[in-house]
There are 2 protein chains.
Amino acid sequence: MPGSIGHHGANGQLPCDRCIGKQYNICQLLEPSRQRELLDTSCRQRFDKRSYLFRAGSPVGAVFKVTSGIVAESCTLADGRRQVIAFFLPGDICGYLESDGCHAFDGEAITAAETCSFNRERFSAFVNRNRDVAEEMRRNLADRLKMVGTHLSVVGQLTSTERVANFVAMMTIAYAARNVQTRPLPLPMKRSDIADYLGLRLETVSRAFSKLRQRNIIDVQEDEVLVLDQVRLNQLSNR
Amino acid sequence: MPGSIGHHGANGQLPCDRCIGKQYNICQLLEPSRQRELLDTSCRQRFDKRSYLFRAGSPVGAVFKVTSGIVAESCTLADGRRQVIAFFLPGDICGYLESDGCHAFDGEAITAAETCSFNRERFSAFVNRNRDVAEEMRRNLADRLKMVGTHLSVVGQLTSTERVANFVAMMTIAYAARNVQTRPLPLPMKRSDIADYLGLRLETVSRAFSKLRQRNIIDVQEDEVLVLDQVRLNQLSNR
DNA sequence: CGGTTAGTTGAGTGCATTCAATCCCAGTGG
DNA sequence: CCACTGGGATTGAATGCACTCAACTAACCG
């Protein structure tokens, strides 16, 4: 049931038009003719909340550019433990790089989501034909590698409260780069999603939010957070 | 003091010639003419144990292909906490992808190491000129992204013993792919390096090794490990 | 020999977990 | 309208795993 979209609301979607700064939209780098050429290889797709764009181990299909909602890349162990590798926000490309023709991780719509889905072969061909686009993809990839590495050091080294503080700080930066409101900061994902992202239990995440609230660093309400003390938040974040 | 190299021994180096399977050596993909062209842009470099190939925040320089020894990519927080993102073994390329012209992480020689160091501009130009090499680099990159993601789920979800078991299993696979001996499996890095890699304390790593030894899953001596029960090791590793 | 570095092991602590109770809210149906 | 239900979040109490601090061993080197 993909309800109405394009506004901030209870369904937690992020509007497409306001989210995508130039640097996050390869299409907007291009002049109209190439833009049309690229868009001809694509179609819009909607994904219900909690549906999968792709599954780990399955052969790769489309290349997805998220245009609204949030997609989580995750993997689940045999006993059910789950690790969220990354959240993809509007403008992000996901499901692109897979080494052996199969997806390494699950791609799940955390909220209802929309994507611009490119035919993989034609997308790759387009990238190969356009040196500047290839360079942009390379840069994009380097960013991802850096982000995952940074995330790894968060999960490996920080305490629970530090991790949650870092998460809030990161999301603030990510939203700001996309010109999405950050005051308050919408966090449409569930506590358990945040927990799986940070390598914690959902109760621990909840406690950390409470601790940050008690210290007057943030204000928490439902699925929004208001940062009250950016300086102390960044200190706690270790950045 | 870069002593004698090219043999397995107390210094923990891995010999170049035996380590590098074809799939791990872009040079060997190429016919002699292009091979020479590429090597003309490179020089051999030696790094002392515990010296840095590059530092986080510093402008990128050469692109390194490790030819012997082990290089760790890591980052250190203000208070000294350190996270090892990845170990680079002979054949691996490191220091290549950096988004903004600066290194995101430290690159440190964990053992004495040798590299084939490429001039970055000329290396990039070579890659751009050769479609097959570019494809190989892309594949390499996809592998790295997958490995870091997998590592993240290890650090985020597994218990200390599981993490160490996973580490041993991973190293076994990595060595086997390079045709390096795995029985016994040389682990030249210090306990504290393993600890920083796995998000644990060195004492915890030591205890985990002891626990695996007591269960007759591995045999531990100095800087070598002998896997006694690959099946149970893999079970514990969650793979 | 003493000094340094690396590793192992023990004892006790603390932080995140587990288990459980409660609350809130949206949705549904009597 | 109100009662009921289920999902998500918060909080409390108790447990346990990894951490801290410390002692000890072994190897190496000046």
Side-chain angles (χ1 to χ4, degrees), chain A residues 1 3 9-12 48-50 79-83 110-112 154-168 186-214 218-225 236, chain B residues 1 3 9-12 48-50 79-83 110-112 154-168 186-214 218-225 236:
Chain A
M1 72 304 282
N11 61 3
D48 287 345
K49 192 170 173 170
R50 295 292 150 186
D79 59 3
R81 283 177 285 182
R82 171 172 172 261
Q83 178 67 45
I110 288 301
T111 67
V154 167
V155 172
Q157 300 302 322
L158 303 193
T159 66
S160 63
T161 311
E162 289 173 326
R163 289 187 222 188
V164 171
N166 185 285
F167 173 71
V168 173
L187 293 179
M189 63 284 284
K190 295 190 297 181
R191 291 287 181 268
S192 63
D193 293 320
I194 301 175
D196 289 345
Y197 180 69
L198 295 175
L200 298 169
R201 299 288 122 185
L202 66 93
E203 298 95 328
T204 307
V205 172
S206 185
R207 281 181 235 276
F209 272 123
S210 299
K211 214 172 286 183
L212 293 173
R213 181 168 40 73
Q214 285 156 19
I218 62 173
D219 199 17
V220 186
Q221 38 205 11
E222 34 191 81
D223 52 358
E224 283 182 345
V225 163
L236 266 176
Chain B
M1 72 302 282
N11 62 2
D48 286 344
K49 192 170 172 170
R50 294 293 150 186
D79 58 3
R81 282 178 286 183
R82 171 171 172 260
Q83 177 69 45
I110 288 301
T111 68
V154 167
V155 172
Q157 300 301 322
L158 301 194
T159 66
S160 63
T161 311
E162 288 173 328
R163 290 187 221 187
V164 172
N166 186 284
F167 173 71
V168 174
L187 293 179
M189 62 285 284
K190 294 192 299 182
R191 290 286 182 270
S192 62
D193 293 321
I194 301 175
D196 289 345
Y197 180 68
L198 296 175
L200 299 169
R201 300 289 120 185
L202 64 92
E203 298 96 328
T204 307
V205 171
S206 184
R207 279 182 235 277
F209 273 122
S210 298
K211 213 172 287 185
L212 292 173
R213 181 168 39 73
Q214 285 157 19
I218 62 172
D219 199 16
V220 186
Q221 37 205 12
E222 34 189 82
D223 52 358
E224 284 182 345
V225 163
L236 268 176

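These figures come from a predicted structure and were not determined experimentally. Below, read A as the first sequence line, B as the second, and so on, with proteins coming before strands; counting in each chain starts at 1. The figures here come from the full heavy-atom set of this structure, side chains too, leaving out hydrogens, waters and symmetry mates.
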query: Given atom CD of B:Gln157 and atom P of C:dA16, what is their separation to the nearest angstrom?
result: 15 Å

- prompt: Please give, in whole Å, the distance from C:dG7 P to B:Leu200 CG?
  reply: 15 Å

query: How close or far is atom P of D:dC19 from atom CG of B:Leu198, stated in whole angstroms?
result: 11 Å

message: Please find the pair of heavy atoms, one from A:Val155 and one from B:Gly156, that lie closest to each other, and give the distance.
response: CG1-CA, 3.6 Å

query: How long is the span from the CG atom in B:Asp223 to the CZ atom in B:Arg191, to the nearest 0.5 Å?
result: 8.5 Å

task: Report which part of the nucleic acid A:Thr204 touches: base, sugar-phosphate, or nothing (heavy-atom distance under 4.0 Å, all strands).
output: base

query: Only one of A:Arg82, A:Arg81, A:Gln83 clears side chain to side chain contact (heavy atoms under 4.5 Å, CB included) with A:Asp196; which?
result: A:Arg82

- prompt: Roughly how many Å is it from CZ in A:Arg81 to P in D:dC17, rounded to a whole number?
  reply: 13 Å

task: Indicate yes or no: at least one non-hydrogen side-chain atom of A:Asp219 is less than 4.5 angstrom from one of A:Arg213.
output: yes

message: I need the B:Leu200 CG to B:Ser206 OG distance, nearest 0.5 Å.
response: 12.0 Å

Pairwise distance CG(B:Leu198) to OG1(B:Thr204) - rounded to 0.5 angstrom: 10.5 Å

statement: Per-helix bend value, the helix from C:dC1-D:dG30 to C:dG30-D:dC1, C1' rotation axes over five pairs per end, 10° rounding, shows 20°

Close N/O contacts between protein and nucleotides 6-10 of chain D (under 3.5 Å):
{"unit_1": "D:dG8", "atom_1": "OP1", "unit_2": "A:Lys190", "atom_2": "NZ", "d": "3.2"}
{"unit_1": "D:dA9", "atom_1": "OP1", "unit_2": "A:Arg191", "atom_2": "N", "d": "3.4"}
{"unit_1": "D:dA9", "atom_1": "OP2", "unit_2": "A:Arg191", "atom_2": "N", "d": "2.9"}
{"unit_1": "D:dT10", "atom_1": "OP1", "unit_2": "A:Arg191", "atom_2": "NH2", "d": "3.2"}
{"unit_1": "D:dT10", "atom_1": "OP2", "unit_2": "A:Arg191", "atom_2": "NE", "d": "2.7"}
{"unit_1": "D:dT10", "atom_1": "OP2", "unit_2": "A:Ser206", "atom_2": "OG", "d": "2.8"}
{"unit_1": "D:dT10", "atom_1": "O5'", "unit_2": "A:Ser206", "atom_2": "OG", "d": "3.0"}

field: Nucleotide D:dC19, atom P - distance to CG of B:Asp196 in whole Å
entry: 11 Å

- prompt: Roughly how far, to the nearest 0.5 Å, is the CG atom of B:Asp48 from the OG1 atom of B:Thr111?
  reply: 11.0 Å

Protein-nucleotide distance (B:Lys211, atom NZ; C:dT9, atom C1'), rounded to Å: 12 Å

- request: For A:Lys49 and C:dA26, give me the distance from atom NZ to atom C1', rounded to whole Å.
  value: 12 Å

message: Please determine whether a side-chain nitrogen of the Lys or Arg among A:Arg50 and A:Asp193 lies less than 4.0 Å from a carboxylate oxygen of the Asp or Glu.
response: yes

query: Which atoms form the tightest heavy-atom contact between A:Ile110 and A:Met189, and what is the distance?
result: CG2-CB, 3.7 Å

